[in-house]
Amino acid sequence: MPLHSRLMFSCLVLGFASTAAAKDDLNWVDREAMNELPEVLQRPIPVWCGGIYYNPRVGPRAETSDTIITADQTSASEDGLIEMSGDVLIEQPGSRVVTNSALFDRSSGKFEVDTPLRLESNQFTFLADSMSGQTSSRQVSLGNARYSLFGPGAHGSAEYIDQVSNLTSVFNGTYTTCPPGSNSWRLSGEQILLDRDKGWGEARNVVLRVRDVPLFYLPWITFPIDDRRKSGLLFPTISTSDNGGLDFSQPIYLNLHPQMDATVAPRYVDGRGAGLETEFRYLSRYGQGQVSYGVLFQDREFDDQDRELAAWRHDGSIGRWGLHVDMNYVSDDFYFKDLDTGLQVSSQTHLPRVGELRYYGRTWQALGRLQAWQTIDPTLADDLHPYRRLPQLQLTGSPHLVGPLRMLWLSDVTAFDRSDKDTSNNPTGVRMHAQPALSARMENSWGYVEPRARLYHTRYQLDDGGPSGSEPSLNTWGASLDAGMFFERSTNLFGRGYTQTLEPRVFINKVAYENQDDLPDFDAGELTFSYNTLFRENRYIGYDRIGDEEKIAVGLTSRFLRDDDGREQLRLRVGQGYYLDDRRVQLNGAEEDTADQTPAVADMRWNFGRDWYLYSEGQWDTSGGQRQRSTLRLGYNDRERRIFNLGFHDRPEDNLRQSEVAAIWPIHRNWRLIGRWMYDVENHRTQETLAGAEYRNCCWRVRLVSQRELYDDDGDGTLEPDSTVMLQIEMTGLGGFGGRVDSLLERSISGYRREYE
């Protein structure tokens, strides 16, 4: 008989329900059963899993809904005792309990079930031999129980379970995220605490079993049951290499604050010694950042010296002000080669030390910068070390004057200095640069034209007088005209509608010549020639050289835009520049450039499929009839499991011919291959190889990766091979070790992000 009540028996059931579609009594739904459900009820199953825990017939809980109790027989006494027997069902939206008999004391709120029962919800399922509890305290105890948790995809058993609200205590029980019937791994503990409010589990006196074989004992362990963080012991990181031998570190995670955390990892490298790696992350109203520090004490392979690495990165903003800090330090030139690190510090020739403060206004922008470098290339001569900027102050803006006329302003004051250890005798001092301009851009839907006139003024105050004295200066001018048109038409290709554009462009540029041979060169550089550099006013970067030029550049772009979503499917570009005079201003004493035209350059980007792209660029010396440069890149990234990169670069003038193949690609729903091969075609040698495999299923993942690359071991320019083997094992929902594999893949395979996993 049905019995309607507002007893809020949801405190008893705590959010349980059932599903007839499940193939397992704990509501495990395999792929076949999921496909049989109505489409609106189906949920995605990871490709590497055979199913998930899911209850499609139970919606969210409703705290204020009536409780419906049905049973074959029901009796109630005057003192509030309710006895139910025969197919007892206690149900409300989002919760359900099924048993054969139940006893409930309405006056005290106590209840008791002494027959096998089933408790279900859209979050988890319990099967038990008995149950008791109290409704007002939201407490329930289950005897001889089995359970499943839908969120982490976990299940287990216990002698008895206590639950108060969202806190579950499992006594003499087990916990695993493996599917039913699998014994890949499980925790067996004296007490396992699952706190859904905090999102973490905790186990004491626990044994980790793999294939029913005890692997190791832990007096205490914590593990996540959702995406939130909690302090605890993480799994170790293990690797081995030709130079370093066995490398072992044991990370400890510290959840210091909702906006601060840290990782401390004691480390031991066989043959070298012991050390420590630490990383601190923070988030505040002033931005976010991280501080890293690593040390190896008295490296026995490095004259018993301490070897250190430190970094601080910060990015933030307050109103219109932005702040950026990137500070790095390493104790010696060979640290990255000898000691691979799990810290987020990249290996490179120059480690930056920079602090920037920027102001972003509607019309004016300002920059203040302090910048220095630590050069860690022992083969680099002193005169090639970069200058320090102490400081750099810059102001830019584009105030409107009248009609289409605008003033373009750029001014920069920078103090250049060099390290006290520098013996190159390069000049130091202050450079003041300004390049005001007037511009009038007139545009319509069919095209635009923009004339521009600019003045260039540079003045130096050198610490030691150069060939032109201690205060050399430069004054010159330039003018340009940039014009383009837009044509479009509708077309249909392969059954899809497109809008094709045709965008011709003409750029006329004149920069007057001024002799600059006696001026210092702090930061001048030349950009790699490409389609975009055809339309630059100054062919140099930096402000120490203003490249004289009389040039007409023409370009043509055509795009194919899909009518249904506006996506650019294909872009084709071709262009060339024609000189009317020689270029006398050159870098590093080079001879005048007398060519009457630039190479012809063409590039293409084809976004085919949903995740594929093909990019190609070619440069051709039309006067000499020679190919100067060619690039080809084919890429695929579905941002889930598949990455593929194929590239080829050919620069005959630099004697560089290099090919690359890199991929992370599944060959089975549980298996992926990992690989990268960089080959120096010019010198007929392999520069780097990366090879590995990954196996993944519902409850664990393992990666084994081997890397071989060429290193300059002694700093004498001779490259020698070095090999490293890394192993990563992750138990789903419990954690894993070998986190350096993710760092390696992010550095080596373009497009890989560990968050995609």
Side-chain angles (χ1 to χ4, degrees), residues 363-365 367 392 394-401 404-414 431-443 447-459 473-485 503-516 519 521-557 573 575-587 590 592-593 595-601 619:
T363 302
W364 295 96
Q365 297 81 42
L367 165 68
Q392 178 182 8
Q394 188 176 97
L395 178 67
T396 59
S398 56
H400 178 261
L401 299 179
L405 189 64
R406 285 184 175 274
M407 181 179 74
L408 305 179
W409 179 266
L410 184 149
S411 58
D412 184 282
V413 179
T414 304
R431 182 190 67 199
M432 295 161 285
H433 177 81
Q435 51 182 60
L438 292 176
S439 175
R441 184 177 178 90
M442 295 161 283
E443 59 184 335
Y448 71 93
V449 61
E450 181 178 5
R452 182 179 297 180
R454 189 182 296 275
L455 297 176
Y456 299 93
H457 172 74
T458 308
R459 179 174 296 276
S473 63
L474 167 70
N475 292 286
T476 189
W477 62 273
S480 65
L481 178 68
D482 190 5
M485 300 186 70
E503 306 167 30
R505 183 179 182 182
V506 176
F507 181 72
I508 304 173
N509 190 45
K510 161 78 174 177
V511 177
Y513 168 75
E514 286 290 333
N515 191 313
Q516 302 165 46
L519 298 181
D521 183 359
F522 293 132
D523 63 359
E526 191 168 7
L527 289 170
T528 300
F529 179 73
S530 66
Y531 180 86
N532 291 326
T533 61
L534 287 172
F535 307 100
R536 284 180 54 90
E537 294 175 273
N538 185 12
R539 49 193 172 90
Y540 295 120
I541 58 175
Y543 307 128
D544 290 312
R545 294 293 182 269
I546 307 299
D548 62 315
E549 185 174 83
E550 291 187 40
K551 181 181 72 177
I552 300 175
V554 294
L556 181 65
T557 300
R573 300 190 301 187
Q576 190 171 14
Y578 302 91
Y579 295 111
L580 306 179
D581 201 355
D582 298 339
R583 276 76 59 213
R584 289 181 281 177
V585 178
Q586 298 295 325
L587 295 178
E592 296 182 5
D593 187 352
D596 57 4
Q597 58 190 10
T598 71
V601 57
Q619 298 179 19

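None of the values given here were measured: they were computed from a predicted structure.
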Taking salt bridge (charged side-chain N to carboxylate O under 4.0 Å, His left out) as the cut-off, I'd like each qualifying pair that reaches into residues 526-536, sequence neighbours left out, listed once. none
Classify the ring geometry of Tyr543 against His433: parallel below 30°, tilted from 30° to 60°, perpendicular beyond 60°. parallel
Which atom of Ala595 lies closest to which atom of Tyr579, heavy atoms considered: O-CD1, 3.5 Å
Identify all side-chain donor-acceptor contacts of residues 477-484 below 3.5 Å with residues at least two apart in sequence or on another chain.
{"from": "Asp482", "atom 1": "OD1", "to": "Tyr448", "atom 2": "OH", "distance (Å)": "3.3"}
{"from": "Asp482", "atom 1": "OD1", "to": "Arg505", "atom 2": "NE", "distance (Å)": "3.1"}
{"from": "Asp482", "atom 1": "OD2", "to": "Arg505", "atom 2": "NH2", "distance (Å)": "2.8"}

Lys551 backbone acceptor or donor facing Asn509 side chain under 3.5 Å: no
Gln586: what forms a side-chain hydrogen bond (donor to acceptor under 3.5 Å, both in side chains) with it, not counting sequence neighbours? none
Quick check: closest heavy atoms across Ala553 and Leu534, and the distance to 0.1 Å? CB-O, 3.6 Å
Main-chain N/O of Asp548 paired to Arg539 side chain as donor or acceptor, under 3.5 Å: yes
Does any N or O in the side chain of Thr476 come within less than 3.5 Å of the main-chain N or O of Tyr456, such that one atom is a donor and the other an acceptor? no
Does any N or O in the side chain of Asn538 come within less than 3.5 Å of the main-chain N or O of Tyr540, such that one atom is a donor and the other an acceptor? yes
Asp412-Gln392 side chain donor-acceptor pair, cut-off 3.5 Å: yes
What one should report as the nearest heavy-atom pair of Gln576 and Pro599 is CG-O, 3.9 Å
Looking only at heavy atoms, which two atoms of Asp544 and Gln516 are closest? And how far apart? O-OE1, 3.7 Å
Which value, rounded to the nearest 0.5 Å, describes the distance between Leu580 atom CG and Glu550 atom CD? 5.5 Å
Could you give the distance from CG (Leu401) to CG (Leu438), rounded to the nearest 0.5 Å? 6.5 Å
Closest approach of Arg545 and Leu519, non-hydrogen atoms and distance? NH2-O, 3.0 Å
Between Ser398 and Leu408, which heavy-atom pair has the shortest distance, and what is it? CB-CD2, 3.8 Å
Look at the side chain of Asp523 and the backbone N and O of Gly542, then say whether any donor-acceptor pair between them is shorter than 3.5 Å. no
Just by distance, do the side chain of Arg454 and the backbone of Gln435 share a donor-acceptor pair under 3.5 Å? yes
Backbone of Leu474 reached by a side-chain donor or acceptor of Glu514 within 3.5 Å: no
Under the side chain to side chain contact (heavy atoms under 4.5 Å, CB included) rule, what do Tyr531 and Thr557 come out as? Steps first, then yes or no, please. CA-CA 10 Å; Tyr531 180 86; Thr557 300; 3.4 Å; yes
Short question: side chain of Gln619, backbone of Phe529 - any donor-acceptor pair under 3.5 Å? yes
